[in-house]
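Worksheet for the structure shown next.
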There are 2 protein chains.
Amino acid sequence: MGKQMTEMLKGTLEGIVLALLTGKAAYGYEITTLLREQGFTEIAEGTVYALLVRIEQKGLVDVEKRPSEKGPPRKVYTLNTQGEKELNEFWNTWSFLSERLEQLRKEGK
Amino acid sequence: MGKQMTEMLKGTLEGIVLALLTGKAAYGYEITTLLREQGFTEIAEGTVYALLVRIEQKGLVDVEKRPSEKGPPRKVYTLNTQGEKELNEFWNTWSFLSERLEQLRKEGK
DNA sequence: ACCGGTACCTAGTTCTACTATGTAGTGGTA
DNA sequence: TACCACTACATAGTAGAACTAGGTACCGGT
């Protein structure tokens, strides 16, 4: 992963994962695959699991263990009310930053 | 500063400062003021100075000391060729991330 | 003599992504 | 049987960047 991207993902990756969970529960391995399909090809698997532990401890998601046909049991994450609230704040923060940056880019700065 | 914003600024603040320096040299105190005017009201002064040290050590800016009428001498930073290259890469990284996020938001995810 | 504004600097803390590695279950195949 | 690939989760240690919380210094006005 490029260093710039690594740094830029700090703070946004969590929002991205919360967004992925909107309307659709998912488990860690699946989320990693989804992220890679969306272009984040170099996301480290360990990064995703650590993030999931974090958002679970923050109480943003509910967790359920389900057996898998193909390996160890999956931990399925569902966005809860607090998670939705956090995601909302994330979009607000993102919008603010995004607008400032587009402004700067427009100014040719 | 909100925690979300603090994390999200990681990686982007450097780009923002490089962008501010495009076409106009500036010194630290001035950059801090500029950032606050642009809405980053809670940027810590120390953060800016640390960042300036970093981009100087990375060779992205040239530095010149100029006397001030109002206080200690100013350290004026000018974007150099390498800095412009870095800024370019920053915009590329930003564009990628920005597009992915807008996509996610559009999908209502 | 003091204070506010200008101007710069830094040691230590916190948070997040990465590196590197380990553990397990399942199915296929040599 | 032994091995390997894929699925699936987990974590200890590292690096990098912004913040906290100070400090130094120069100038003008009261």
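Order of the sequence lines sets the chain letters (A, B, ...), proteins ahead of strands, with each chain counted from 1.
A distance below 6.0 Å separates the ring centres of B:F96 and A:F40.
Note on B:Y27: a side-chain N or O is less than 4.0 Å away from OP1 or OP2 of C:dA7. Contact check, B:R54 against D:dA18: a side-chain N or O comes under 4.0 Å of OP1 or OP2. The phosphate of D:dT7 has neither OP1 nor OP2 within less than 4.0 Å of any side-chain N or O from A:R74. In this model, the phosphate group of C:dT6 is approached by a side-chain N or O of B:Y29 to a distance below 4.0 Å at OP1 or OP2. Residue A:K3 has no polar side-chain atom (N or O) positioned under 4.0 Å from OP1 or OP2 of D:dA17.
A:I31 and A:V53 end up in different hydrophobic clusters when Ile, Leu, Val, Met, Phe, Trp and Tyr side chains are linked at under 4.5 Å.
One can place NZ of B:K75 at 16 Å from P of D:dC26, the figure rounded to the nearest angstrom. Whole-Å rounding puts the A:L51 CG to C:dA17 P distance at 6 Å. We find that NZ of A:K65 is positioned 12 Å from P of C:dG25, with the value rounded to whole Å. The interatomic distance linking B:L34 (CG) with C:dT6 (C1') rounds to 15 Å, in whole Å. The CG atom of B:L97 sits 16 Å away from the P atom of C:dT16 (whole-angstrom rounding). The nearest whole Å value for the distance from the CD1 atom in B:I55 to the P atom in D:dG16 is 17 Å.
The residue among A:V53 and A:S68 whose nearest nucleotide of DNA chain D lies closer to the 5′ end is A:S68. Where B:P72 and B:K10 each meet DNA chain C at their nearest nucleotide, the meeting point lying more 5' is that of B:P72. Taking the nucleotide of DNA chain D with the nearest heavy atom to each of A:E7 and B:E69, the more 5' of the two is matched to A:E7.
Across C:dC18, D:dT20, D:dA10, the shortest atom-to-atom separation from the side chain of A:Y77 is found for D:dA10.
With salt bridges taken as basic N to acidic carboxylate O contacts below 4.0 Å, one links B:E30 and B:K24. Using a 4.0 Å cut-off between charged nitrogen and carboxylate oxygen, B:R66 and B:E64 count as a salt-bridge pair.
Using modelled atom types, one finds no donor on one side chain facing an acceptor on the other under 3.5 Å when comparing B:T12 with A:R100.
Using a 4.0 Å heavy-atom criterion, one finds that B:G46 contacts the bases of the nucleic acid, with or without backbone contacts as well. Residue B:T47 is classed as a base contact, given a heavy-atom separation below 4.0 Å to a base. Nucleic acid contact for B:L13: sugar-phosphate only, since backbone atoms but no base atoms lie under 4.0 Å from a heavy atom of the residue. As judged by a 4.0 angstrom heavy-atom cut-off over every strand, B:E45 is placed among the base-contacting residues.
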